[in-house]
Amino acid sequence: RSKSVCSVLSTLSVGSVYQLKGGYKAYRRLVFDFFEKEIKDYEFIVLHGLTGVGKTTIIDKLENIGIPVINFEKLAKNSGSVFGDMLFQGHPPSQKQFESFIFKTIYNTKDRFVVVESESKRIGSINIPDTVIDAMSSGYHILIETSIKNRTDNIYNDYVKNKLDTDDKLIKSIKHLNKRLGSKNVETLINKINNKDYNYVIEYLFKNYYDPLYEYSISKINNIHFTINYDNIDEAVDSINMFIKDKVMN
């Protein structure tokens with residue numbers, strides 16, 4: 001069937017028509033074999049840090065200067081949290097599509113390293129392949145730290161500033177925390193949102209929800225190779241770039 005479609009498109013003078021040798025099954029085998037056999041040949045540089053330290057922004061800035069990165073959350077269209085669907089438009093990919101995105105990103109890089117943000121295996125409804133998780137675990141680990149003000153500003157800029165229907169989306173998400181925070185505290189947070197006191201909400205969630213979770217996961221890391229405490233986020237980008245040149249590329 002695909003051969004027939006290619007013939008028709010070529011007859012219609014549609015340019016750059018290719019038939020995938022072996023079909024989709026052969027492509028899936030290529031992806032599977034890559035994750036099973038070749039992913040171990042790549043060095044992963046994994047960024048850790050509390051919510052709001054700007055890991056995703058740092059990854060975007062590294063990509064802009066030519067450093068190979070994978071933004072798992074962007075590929076999955078979910079930031080992997082209670083507020084996971086607020087930053088992305090459209091439906092998330094299927095599991096197979098997600099794996100193909102990761103494969104394409106790594107396979108096409110000229111380097112044998114890639115920078116990623118620390119993630120749990122599951123992001124929304126998507127799973128990072130086990131072999132990728134293993135490669136991340138055995139890679140380089142960098143801890144990012146900054147002030148509470150910088151963290152609050154980062155979250156405000158990502159989730160609130162210039163966003164449409166922010167209050168309704170925040171309230172809808174916060175209601176999912178009733179069991180964790182208690183209905184009275186959730187009601188207080190909703191009132192703060194309605195009064196546009198976003199900093200209170202952000203800092204409350206840091207202290208009472210996110211920080212305890214991330215502090216526990218960070219404590220489980222066997223080896224932190226480098227710690228960065230920045231005032232300006234570009235300082236962190238420069239430091240990671242230097243780390244890669246000194247430790248990974250040499």
Side-chain angles (χ1 to χ4, degrees), residues 1-3 5-6 17-49 51 55-60 62-63 67-141 158-159 169 172-173 175-177 180 209-210 213-214 216-218 220-221:
R1 288 177 297 179
S2 59
K3 183 178 180 180
V5 172
C6 287
V17 178
Y18 300 93
Q19 183 183 12
L20 187 62
K21 185 177 181 180
Y24 183 68
K25 287 185 178 179
Y27 171 74
R28 281 296 300 169
R29 172 55 58 183
L30 175 68
V31 174
F32 179 83
D33 286 347
F34 181 84
F35 286 141
E36 288 297 312
K37 301 174 183 177
E38 298 184 45
I39 195 70
K40 64 181 182 298
D41 297 329
Y42 291 80
E43 294 278 11
F44 279 72
I45 300 102
V46 187
L47 306 186
H48 301 267
T51 299
K55 299 184 291 292
T56 302
T57 300
I58 291 171
I59 282 180
D60 289 341
L62 288 169
E63 184 175 24
I67 301 296
V69 305
I70 299 176
N71 187 333
F72 291 117
E73 294 178 351
K74 185 176 181 180
L75 295 182
K77 291 190 176 182
N78 191 296
S79 63
S81 71
V82 176
F83 306 91
D85 60 352
M86 285 187 62
L87 298 181
F88 304 100
Q89 300 294 322
H91 296 291
S94 68
Q95 180 65 37
K96 290 180 179 179
Q97 286 175 320
F98 179 68
E99 291 172 3
S100 293
F101 294 154
I102 298 174
F103 163 76
K104 180 180 177 181
T105 302
I106 301 176
Y107 188 80
N108 288 336
T109 181
K110 296 178 182 178
D111 301 289
R112 284 285 170 168
F113 68 89
V114 62
V115 181
V116 300
E117 180 179 343
S118 174
E119 297 286 356
S120 59
K121 178 178 172 58
R122 191 168 184 83
I123 307 176
S125 60
I126 303 295
N127 290 317
I128 299 174
D130 288 336
T131 53
V132 176
I133 292 290
D134 291 342
M136 290 167 61
S137 178
S138 61
Y140 292 97
H141 297 271
D158 286 345
Y159 286 87
K169 292 177 180 177
K172 180 181 177 181
S173 296
K175 286 181 177 179
H176 293 304
L177 295 175
R180 186 65 182 260
Y209 183 68
Y210 284 106
L213 291 175
Y214 280 91
Y216 176 77
S217 64
I218 290 172
K220 293 293 184 180
I221 304 169

Checking the side chain of R122 only, and the main-chain atoms of G124 only, is there a donor and an acceptor separated by less than 3.5 Å?
yes

Looking only at heavy atoms, which two atoms of V46 and E117 are closest? And how far apart?
CG1-C, 4.3 Å

Between CD of Q97 and NZ of K77, what distance do you get to the nearest 0.5 Å?
9.0 Å

For the OH atom on Y18, are there more than 12 heavy atoms of other groups (residues, nucleotides or ligands in this structure) within a distance under 6.0 Å?
no

With rounding to the nearest 0.5 Å, note down the distance linking CD1 in I70 to NZ in K104.
13.0 Å

Stepwise side-chain contact (heavy atoms from CB on, under 4.5 Å) check, I67 with F113:
CA-CA 9 Å; I67 301 296; F113 68 89; 4.0 Å; yes

F98/I128 under side-chain contact (heavy atoms from CB on, under 4.5 Å): CA gap, chis, key distance, verdict:
CA-CA 8 Å; F98 179 68; I128 299 174; 4.1 Å; yes

Distance, nearest 0.5 Å, that separates NZ of K74 from CD1 of I59:
11.0 Å

Separation between CZ of R112 and CG of D41, rounded to the nearest 0.5 Å:
5.5 Å

In Å and rounded to the nearest 0.5 Å, what is the NE2 to NE2 distance from H141 to H48?
5.0 Å

Solution key, residues 129-140 side-chain donor-acceptor pairs under 3.5 Å, sequence neighbours excluded:
from : atom 1 : to   : atom 2 : distance (Å)
D130 : OD1    : K121 : NZ     : 2.5
T131 : OG1    : F35  : O      : 3.0
S138 : OG     : D134 : O      : 3.2
S138 : OG     : A135 : O      : 3.3
Y140 : OH     : K247 : O      : 3.3

Distance, nearest 0.5 Å, that separates CG of L213 from CD1 of I218:
11.0 Å

Where do D111 and Y42 come nearest, in terms of heavy atoms and distance?
O-CE2, 3.7 Å

Between N71 and T56, what is the shortest heavy-atom contact and its length?
ND2-CG2, 3.6 Å

Any side-chain to backbone donor/acceptor pair from T109 onto I106? Under 3.5 Å, distance only.
no

Above 12 or not: heavy atoms from other molecules or residues under 6.0 Å from NZ of K40?
yes

Please verify the inter-ring angle class for F34 with F103; under 30° counts as parallel, over 60° as perpendicular, anything in between as tilted.
perpendicular

Donor-acceptor pair, distance only, cut-off 3.5 Å: does the side chain of K55 make one with the backbone of G49?
yes

Report the C-alpha distance between L47 and I58 in whole Å, list the side-chain angles of each, state the deciding distance to 0.1 Å, and finish with yes or no for side-chain contact (heavy atoms from CB on, under 4.5 Å).
CA-CA 9 Å; L47 306 186; I58 291 171; 3.9 Å; yes

Verdict with reasoning, N127 to Q95, per side-chain contact (heavy atoms from CB on, under 4.5 Å):
CA-CA 7 Å; N127 290 317; Q95 180 65 37; 3.8 Å; yes

Closest approach of P92 to A76 (non-hydrogen atoms, all atoms of both residues)
CB-O, 3.4 Å

